[in-house]
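The structure appears below as structure tokens.
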2 protein chains.
Amino acid sequence: MAVAKKEGEEGGAEAPSLWERMERPAPLPRASLTLERIAAAAVEIADEEGGAAVTMRRLAGKLGVAPMAAYRHVDGKDDLWALMIDRVSRDLTVPEGTTDWREVLRSYALQSRELMLAHPWMAAMPTSVIMLTPSRMAVAERQLAALAVCGLDADSMMAAFRAVTSFVHGSAQTEIALRDYQERNGWTSGDETRQALAPQMRYLISTGRYPAFEQYALGATRKDDRAWEFAFGLDCVLDGIGLRLGV
Amino acid sequence: MAVAKKEGEEGGAEAPSLWERMERPAPLPRASLTLERIAAAAVEIADEEGGAAVTMRRLAGKLGVAPMAAYRHVDGKDDLWALMIDRVSRDLTVPEGTTDWREVLRSYALQSRELMLAHPWMAAMPTSVIMLTPSRMAVAERQLAALAVCGLDADSMMAAFRAVTSFVHGSAQTEIALRDYQERNGWTSGDETRQALAPQMRYLISTGRYPAFEQYALGATRKDDRAWEFAFGLDCVLDGIGLRLGV
DNA sequence: CATCCATGTGTACGTTGTACGCAAGAAGAT
DNA sequence: ATCTTCTTGCGTACAACGTACACATGGATG
């Protein structure tokens, strides 16, 4: 696809960004389309039919409008994705009273996992990681602020925040990909999945090249406890950060 | 860049008359396709022109073959991706002598980051995380084995391995997304990027809602040292695992 | 020599993102 | 009132995509 570079407006007033436009008061009576409505419709489609179902035509259909109408409000599909990410990310909140850095980061992490599991299409857009939409800025600010009061230097503060975020995204992505894979094959439980994959697994084991995998297959007791696994990793990261805060 | 290709196909789009077919070129020498050749060509395209440029037609063109030819060897695009991932993942190696768990995991993590930065299209396929291709199985086995000898139970062993992997993928994805974003806008350095984003940044700061971001913007000295940031997060995860190994 | 099968070819269909020009109504100026 | 201009939605159109399907061909096998 052509990487069209939107050239900036020379000299004149800056083109209002998507977010500035979003905070703008009343779009006009004539305007039946708003960014709010567009975002809501797109998220609804993605939640119900998967991220791939969010096409400009499908979206227009849901909005009761011609296929090209949404382009008056949104630059393209990237903009639309940003809108969607921002909208669902508004659900991320931590009680105001909480000040302990670890509690803040941990809470956001657990919520982020839940959020991505609830909106699996989020995992399919890699750029979502860096998209600084208003609601994601708020989340980041909250976490950075919690770290800042612990005496960490600016660089370490950001690195620690990003470490947690990276783990959360990578982890949720894996979990979603795994779940999708199971669903695509119609397997409804971990046992069913393992049973279906048993032949392949037996072959791999028989090669003798994967003793550690075999050890896991035989000895593990929490193979399907994804929440535990997530918490394990998360606590590893948080412990590591804790060490650097001088505990 | 919108590639305006469409090079002359022999025969053209004209009606293929009987006579035309009669003196059709000699029985062209069959260049037999192999999975190896297909994978190599696909990776080459992705490396040179980006993951989005890997289309079945472009691939066929590079292989000197008709658009549909590759389908005899590959089920579809998902298969092709798996092939590509497996191929580049062969580059991940750790000296045989290394036995220390931390050294093994750390080395693979650093190499994985380099690998993804060298093949940024890897970040664009979310399912890559769970794809157990042969070369990725080998990598996983090596890391699990390193953890297994430390007395960790099977569940924790897998959880620890996945924690590191998740961090690495999430982290590399962010880094790549950020780099792509810069390149797409023609910014060639961190300073140039910040300068270009300054207006937006000023607006955000002016709202007073992001004091921690402001603190970072003012106080950070390693804003562009991505390798350092990666190592920071990685060591956090490894330290956390270390704590659980009773070290 | 006949037959089969694996492999490459060609055409074709449905779907996608979106560029571009037009239309309808509101707002401001004359 | 009339005219211009801006905003918003509509409709057509196009290139590119993945891939289904029917056909062609040539080496292996009987």
Side-chain angles (χ1 to χ4, degrees), chain A residues 1-7 13 15-16 21 24-38 41-42 45 49-81 124-125, chain B residues 1-18 20-38 41-42 45-46 49-81 124-125:
Chain A
M1 216 74 2
V3 265
K5 54 187 60 238
K6 238 357 124 67
E7 200 30 64
R21 273 182 289 148
R24 225 129 70 161
L28 271 193
R30 160 147 158 74
S32 70
L33 247 38
T34 62
L35 289 177
E36 213 47 61
R37 276 193 68 211
I38 291 174
I45 294 171
E49 309 169 40
V54 181
T55 71
M56 298 307 279
R57 287 171 175 81
R58 177 85 187 73
L59 176 63
K62 183 142 210 151
L63 290 165
V65 122
M68 291 302 292
Y71 278 97
R72 290 289 176 201
H73 303 262
V74 153
D75 264 359
K77 221 165 178 217
D78 292 356
D79 256 27
L80 183 61
W81 282 344
M125 27 185 102
Chain B
M1 130 174 92
V3 226
K5 51 177 172 242
K6 192 48 177 190
E7 61 226 22
E9 230 97 28
E10 32 176 316
E14 306 288 354
S17 79
L18 175 63
E20 209 172 343
R21 270 182 296 152
M22 204 169 174
E23 54 186 1
R24 194 115 84 172
L28 10 136
R30 291 219 164 180
S32 103
L33 291 179
T34 61
L35 289 179
E36 208 55 50
R37 278 194 66 211
I38 291 174
I45 295 171
E49 308 169 41
V54 182
T55 71
M56 298 308 278
R57 288 170 174 83
R58 178 83 187 73
L59 177 64
K62 181 143 212 150
L63 290 165
V65 119
M68 292 300 293
Y71 278 98
R72 292 286 177 204
H73 303 261
V74 152
D75 262 0
K77 222 165 179 216
D78 291 357
D79 258 26
L80 183 61
W81 282 345
M125 25 184 105

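Here is how names work: the chains are called A, B, and so on, in the same order as the sequence lines, proteins then strands, and each is numbered from 1. All of these numbers come straight from a predicted model, not from anything done at the bench.
The closest side-chain heavy-atom distance from B:Met68 to B:Met56 is not below 4.5 Å. Contact check for A:Leu33 versus A:Arg37: side-chain heavy atoms found under the 4.5 Å cut-off. Residues A:Leu59 and A:Val65 form no side-chain contact, since every pair of their non-hydrogen atoms from C-beta on lies 4.5 Å or further apart.
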Under 3.5 Å, N/O pairs linking protein and nucleotides 10-14 of chain D:
{"from": "D:dC10", "atom 1": "OP2", "to": "A:Ala66", "atom 2": "N", "distance (Å)": "2.7"}

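In this structure, CD1 of B:Ile45 is placed 15 Å from C1' of D:dA16, rounded to the nearest angstrom. In this structure, A:Asp79 atom CG and C:dG17 atom C1' are separated by 14 Å, rounded to whole Å. Straight-line distance from the NZ atom of A:Lys77 to the P atom of D:dA16: 19 Å, rounded to whole Å. Across the protein-nucleic acid pair, A:Met56 atom CE and C:dG17 atom P stand 7 Å apart, rounded to whole Å. Rounded to an integer number of Å, the gap from B:Leu80 CG to D:dG18 P is 9 Å. The CH2 atom of B:Trp81 sits 9 Å away from the P atom of D:dT19 (whole-angstrom rounding). As a whole-Å value, the separation of A:Leu33 CG from C:dA24 C1' is 16 Å. Rounding to whole angstrom units, CG of residue A:Leu59 and P of C:dT18 are separated by 12 Å.
Considering only side-chain N and O atoms, B:Ser32 lies nowhere under 4.0 angstrom from the phosphate OP1 or OP2 of C:dT7. For the OP1/OP2 pair of D:dT7 and a distance below 4.0 Å, the side-chain nitrogens and oxygens of A:His73 include no atom meeting the criterion.
The main-chain N or O of A:Arg57 is never found under 3.5 Å from a side-chain atom of A:Lys62 such that the two would form a donor-acceptor pair.
With sequence neighbours excluded, no residue forms a salt bridge (Lys or Arg N to Asp or Glu O under 4.0 Å) with B:Arg72.
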| message | side chain to side chain contact (heavy atoms under 4.5 Å, CB included), that's the test. Do A:Ile38 and A:His73 meet it? Break it down for me. | response | CA-CA 9 Å; A:Ile38 291 174; A:His73 303 262; 3.7 Å; yes

